[in-house]
Amino acid sequence: YFKASLDYDPTLFAPHVMLAWMTPSGEVDNDHVRKAKELVKGKNENSQLFVEMLGVPLGEGRQAKLHEYWSKMHKIEPDGNFIHYYYALTKPTAEERISELEVIVNKLKSENKRHEYALNNLAYSYYLTGDKNKGKEYFDAYVEAYPNGYNSHDSMAEYYFMEKDYKTSLEHYKRARELFPQSISAYNKIKEINTLLENK
């Protein structure tokens, strides 16, 4: 979709930023970096900051540095949902991330806007901090809000897999595959679970 957006409008800089980050090696794609820097000239401050983030090196301290950028951008544009989301995700502690994601969910719900993606992050955040019950509540809420979404079923499948409820996990992975047949990860998990169930 990012590539398609550039076919539609080759003057866009943001897809180049996203494509640079999505390079499989984990490094940024220098061609996209160069193009993003070229196309962002003369744009607003947040646009400049967004492209500047491509220069943040991998390794220790990366998340803190990225949070500095998102904090500046959030201060400039506090109502920007994309910016707010990454501002929340880069906060220093799990508790701070959870708190800010809940702010996002409540804000978007009050504005009658889509908020499913934040439910997914909250589900994993709670689960991984040890609050499995709260995590499950948000996994359920994600599926309820996005019943025909591949990722909501994939996430719920992962929850049940982590809880070693392989039969229920399998049901959700199968549903995820129905909704997105190209999913290699769901295909591999279905094979893995079938093997686990056969060997029980």
Side-chain angles (χ1 to χ4, degrees), residues 1-94 96-98 100-101 103-105 107-108 113-125 128 142 146 149-155 158 176 179-189:
Y1 284 109
F2 288 123
K3 285 178 179 175
S5 69
L6 290 173
D7 290 337
Y8 181 77
D9 185 351
T11 67
L12 297 171
F13 67 88
H16 284 292
V17 176
M18 301 307 290
L19 289 165
W21 279 335
M22 294 169 74
T23 304
S25 66
E27 299 291 334
V28 294
D29 183 312
N30 288 323
D31 289 336
H32 286 297
V33 172
R34 180 184 50 75
K35 200 68 179 164
K37 287 179 178 178
E38 177 188 311
L39 292 169
V40 81
K41 287 176 184 171
K43 305 289 185 191
N44 65 38
E45 187 178 357
N46 268 352
S47 298
Q48 301 288 338
L49 289 167
F50 188 53
V51 173
E52 273 181 39
M53 277 192 286
L54 289 170
V56 177
L58 297 172
E60 193 175 339
R62 177 176 167 81
Q63 182 168 324
K65 189 65 181 168
L66 290 175
H67 186 64
E68 285 179 31
Y69 276 98
W70 290 112
S71 295
K72 287 179 191 173
M73 293 165 72
H74 184 55
K75 191 171 183 181
I76 293 165
E77 184 49 71
D79 292 327
N81 292 327
F82 176 78
I83 292 170
H84 194 177
Y85 178 62
Y86 282 95
Y87 165 72
L89 289 187
T90 55
K91 283 205 161 224
T93 68
E96 288 173 288
R97 291 191 289 276
I98 286 168
E100 200 63 41
L101 285 166
V103 168
I104 290 171
V105 167
K107 175 180 177 282
L108 293 175
K113 291 181 179 172
R114 294 190 67 173
H115 58 282
E116 298 89 353
Y117 59 91
L119 295 174
N120 191 37
N121 284 109
L122 277 167
Y124 280 108
S125 296
L128 295 172
Y142 186 30
Y146 200 31
Y150 151 77
N151 196 56
S152 56
H153 287 282
D154 188 75
S155 294
E158 189 169 12
L179 294 163
F180 182 46
Q182 297 90 344
S183 173
I184 300 301
S185 61
Y187 173 79
N188 288 337
K189 274 295 187 186

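Just so you know, these numbers come straight off a predicted model, no measurement behind them. Atom set for the values below is all heavy atoms of this structure, side chains included, hydrogens, waters and symmetry mates excluded.
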Q) So with a 6.0 Å cut-off around NZ of Lys37, is the heavy-atom count from everything else above 12? A) no
Q: Write out all pairs satisfying side-chain hydrogen bond (donor to acceptor under 3.5 Å, both in side chains) with one or both partners inside residues 70-79, taking only residues at least two apart or from two chains.
A: His67-Ser71
Q: With sequence neighbours left out, write down each residue that passes side chain to side chain contact (heavy atoms under 4.5 Å, CB included) with Val103, or none if nothing qualifies.
A: His84, Glu100
**Q.** Side-chain touch Phe50/Phe13, heavy atoms, less than 4.5 angstrom
**A.** yes
Q) Is any side-chain heavy atom of Tyr117 closer than 4.5 Å to a side-chain heavy atom of Asn151? A) no
Q: Take atom CD of Glu60 as the centre, draw a 6.0 Å sphere, and report whether it contains more than 12 heavy atoms from other residues, nucleotides or ligands.
A: no
Q: Compute whether any side-chain donor of one residue and acceptor of the other, for Ser155 and Tyr142, lie under 3.5 angstrom apart.
A: no
Q. Does any N or O in the side chain of Ser183 come within less than 3.5 Å of the main-chain N or O of Phe180, such that one atom is a donor and the other an acceptor?
A. no
Q: Locate the shortest heavy-atom distance separating Gln48 from Gly42; write the atom from each residue and the value.
A: NE2-N, 3.7 Å
Q | Side chain proximity check, His115 to Ile104, heavy atoms < 4.5 angstrom | A | no
Q) Hey, are the side chains of Met22 and Phe2 touching, using non-hydrogen atoms and a 4.5 Å cut-off? A) yes
**Q.** Close side-chain approach of Ile83 and Ile76, heavy atoms under 4.5 Å
**A.** no
Q. Can you find a heavy atom in the side chain of Val33 that is under 4.5 Å from one in the side chain of Val51?
A. no
Q.
Please enumerate all residues that pass side chain to side chain contact (heavy atoms under 4.5 Å, CB included) together with Ala94, with sequence neighbours excluded.
A. Arg97, Thr129
Q. Can you tell me how far CG of Leu54 sits from NE2 of His16, rounded to the nearest 0.5 angstrom?
A. 11.5 Å
Q.
Are more than 12 heavy atoms, taken from residues, nucleotides or ligands other than Phe82, located less than 6.0 Å from that residue's CZ atom?
A. yes
Q) Does some side-chain heavy atom of Lys65 sit less than 4.5 Å from a side-chain heavy atom of Arg62? A) no
Q | Polar side-chain atom of Thr90 near backbone of Leu66 as donor-acceptor pair, under 3.5 Å | A | no
**Q.** For the student: nearest non-hydrogen atoms of Ser5 and Leu12, plus distance
**A.** O-CD1, 3.8 Å
Q: Verify the distance criterion only: is there a donor paired with an acceptor across the side chains of Tyr85 and Asn121 at less than 3.5 Å?
A: yes
Q. Distance from Tyr1 atom OH to Met18 atom CE, nearest 0.5 Å?
A. 15.0 Å
Q. Just checking, is any N or O donor in the side chain of Asn188 or Ser185 under 3.5 Å from an acceptor N or O on the other one?
A. no
Q: Decide yes or no for Val17 and Val40: does some side-chain heavy atom of the first lie under 4.5 Å from some side-chain heavy atom of the second?
A: no
Q. In Å, rounded to the nearest 0.5 Å, how long is the span from CD1 of Ile98 to OG1 of Thr93?
A. 8.5 Å
